[in-house]
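Structure first, then comments.
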Amino acid sequence: MATMESLIGLVNKIQRACTVLGDHGGQGMSLWEALPSVSVVGGQSSGKSSVLESIVGRDFLPRGSGIVTRRPLVLQLHKTQSGAEYAEFLHAPKRRFTDFAAVRKEISDETDRITGKTKQISNIPIHLSIYSPNVVNLTLIDLPGLTKVAVEGQSDSIVEDIENMVRSYVEKPNCIILAITPANQDIATSDAIKLAREVDPSGERTFGVLTKLDLMDKGTNATEVLEGRAYRLQHPWVGIVNRSQADINKNVDMIVARRKEREYFETSPDYGHLASKMGSEYLAKLLSQHLELVIRQRIPSIISMINKTIDELNAELDRIGRPVAADGGAQLYMILELCRAFDRVFKEHLDGGRPGGDRIYGVFDHQLPAALKKLPFDRHLSLKNVQKVVTEADGYQPHLIAPEQGYRRLIDGSITYFKGPAEASVDAVHFVLKELVRKSIAETEELKRFPSLQNDIATAANEALERFREESRKTVARLVEMESSYLTVDFFRKLHAAPEKKPEKNGNPPGPNNDHFHDTSLARIGSNVSAYIAMVSDTLKNTIPKAVVYCQVREAKRSLLTHFYAQVGRKEKERLSAMLDEDPQLMEKRTQIAKRLELYKAARDEIDAVAWK
Ligand SMILES: Nc1nc2c(ncn2[C@@H]2O[C@H](COP(=O)(O)OP(=O)(O)OP(=O)(O)O)[C@@H](O)[C@H]2O)c(=O)[nH]1
């Protein structure tokens, strides 16, 4: 069975770890909030500081007018067996304070360090551990005193700000509320009780403390309250007699004050029957026992909360990606893996599974045929142009049988027109591929965190696509040139073999100088060339896509990043690191998650170490 010391010590440790990692409540469900704690609340001058000092048995809290406590003070008390007595702050772990006046000054200075001298308040706690033979193991959180009016130099919102901060602590279901009320004030007007009732209506986590019993008017007493008749709480009320201002001025020792308090109750005609359950020493023990009980009850739910959070944080880390390895080999491997991930997505776009590849087919199925159809062959093979070309080709000697040169020139001239649509197909496919590269980079989940590498891959892929386009352009240009370089002779032989149309009945006999004959013959040349060109067009409609796919699409699939891989392989480690530069926001997020993960794991280890049943 875990001991009381180990349980409270356990929570102390986890609380300290929380503060180191910036987890101190007010941030949604944090570990801090899951831990049971005791918060001290009360109106100004209700005697909060006095109660705390009395529990500790030392003067160590800053005093003064106005709002002195401006940051929560997490006071962790550790009982020592050795008799050694000292204090330590979490923010100054190497310094051991044995002079408690110096502790007081350090609390003041540390308060100012965050809030400035502006008298503003801050919810970032100061952690103070006190080791002493005169304490019980207990953790108390001292909060700013509730006030009704802002004083000189404070903003009007301070009253509300303090109340909000105090409420943010006491409203947590794991907070035990130590509600301090001076006995010389009507309990109905107590700020502490008012707030406690609001956040803990059933009173199960509120401990009522009545201070200044010695200052009550003569003839009156607080038995109504202390016996639980005036205001009922689940836990018994505890009456306290702290040092008066006069005692403080006279530097009455805390241990002496404790003794005097004990004597006060033992000899009091009003409270003698309650004496064993009154006083600051009793209060400290009561709280310590209760805190231990609560911790014991909560530990299972804390463990499950810790485990759940660890799982969630791990999943989140996986989602945003683990940190980049430091050594060059691992970085190179990572870059190649990321490139492959991109390549997979890119291929899915081309092969189907992701949209986009179909747009390439669109180029071949619509764009290219439509462009071929629009070529101005009608104009080029008009009677007038045929005549012009044929005549020019014949030179000074008109042809005898067939205008061979004319045919060739007309065909060559026509074929040149195919270059336009061929290049347009190359460009269209190039832009589709470029767009797919862009899309694939954006869709590669693994690459999201590496903007520099995204850039590098985009540049490398686009350079590769440029090279493929160049190659493709040359290839389609060649296809077109090939059509000019050697004509399909059979086509014309067949034409020649086909029976010629009979001359019209009343027509003149055929003769080279006859106009009518001339026109018919030119028209026939035009239509022959046109038919031949239609055949070439059909061929190119089929071969251009083959060339484009061969040079651009197939290459993109095969070797989009081949050059890049070779370059990366030659890179220095520094350059590799630079390629794996991450989005700074993401790095920050990862650091935060990693820190929290560290905290939760440390907490789990602490709990395991206590090995309690
Ligand atoms: N006689 C007597 N005086 C007390 C008692 N408790 C507190 N005082 C005096 O009341 C004054 C205020 O006490 P503190 O302990 O400073 O009260 P506080 O709530 O911490 O005050 P702030 O920090 O200013 O909000 C001091 O002068 C104390 O000496 C008590 O039980 N009896």
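First listed ligand is number 1; within each ligand, the first listed atom is number 1. Given the structure is predicted, the values throughout are model-derived calculations rather than measurements.
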Report, in ascending order of atom number, the atoms of ligand 1 lying under 4.0 Å from any heavy atom of [X].
X: L215; answer: 1 (N), 2 (C), 3 (N)
X: S50; answer: 7 (C), 13 (O), 14 (P), 15 (O), 28 (C)
X: S49; answer: 15 (O), 18 (P), 20 (O), 23 (O)
X: Q245; answer: 26 (C), 27 (O), 29 (O)
X: S244; answer: 1 (N), 2 (C), 3 (N), 29 (O)
X: V241; answer: 31 (O)
X: G43; answer: 19 (O)

Pairwise side-chain contact, [X] with [Y], heavy-atom cut-off 4.5 Å (strictly under):
X: V103; Y: I130; value: no
X: I55; Y: L75; value: no
X: F60; Y: I107; value: yes
X: E261; Y: M278; value: no
X: E227; Y: L274; value: yes

If you measure every N/O of [X] against every N/O of ligand 1, is any gap under 3.5 Å?
X: K212; value: yes
X: T69; value: no
X: G145; value: no
X: Q44; value: no

>> Can you classify the ring geometry of Y131 versus H78 as parallel (below 30°), tilted (30 to 60°) or perpendicular (above 60°)?
In response: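 Rings of Y131 and H78: parallel, under 30°.
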
> Aromatic rings H235 and F207: how do their planes relate, parallel, tilted or perpendicular, breaks at 30° and 60°?
Replying inline: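 Aromatic pair H235/F207 classed parallel.
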
>> When you measure from the heavy atoms of A246 to every atom of ligand 1, does any distance fall below 4.0 Å?
In response: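 No, that is not the case, since the closest heavy atom of the residue is not under 4.0 Å from the ligand.
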
> For G42, is the nearest heavy atom under 4.0 Å from an atom of ligand 1?
Replying inline: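 No heavy atom of G42 comes that close to ligand 1.
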
> Can you name the closest pair of heavy atoms from D270 and T220 and give their distance?
Replying inline: OD2-O, 4.4 Å

Where does [X] meet ligand 1, judged by heavy-atom distances below 4.0 Å: at the side chain, the backbone, both, or neither?
X: I248; result: side chain
X: N242; result: both
X: D214; result: side chain

>> If we check salt bridge (Lys or Arg N to Asp or Glu O under 4.0 Å) with E85, which of these qualifies: K79, R58, R96?
In response: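 Per the salt bridge (Lys or Arg N to Asp or Glu O under 4.0 Å) rule, the option paired with E85 is R58, out of K79, R58, R96.
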
> Given L453 and F342, is the side chain to side chain contact (heavy atoms under 4.5 Å, CB included) satisfied, shown in steps?
Replying inline: CA-CA 11 Å; L453 186 59; F342 154 78; over 6 Å; no

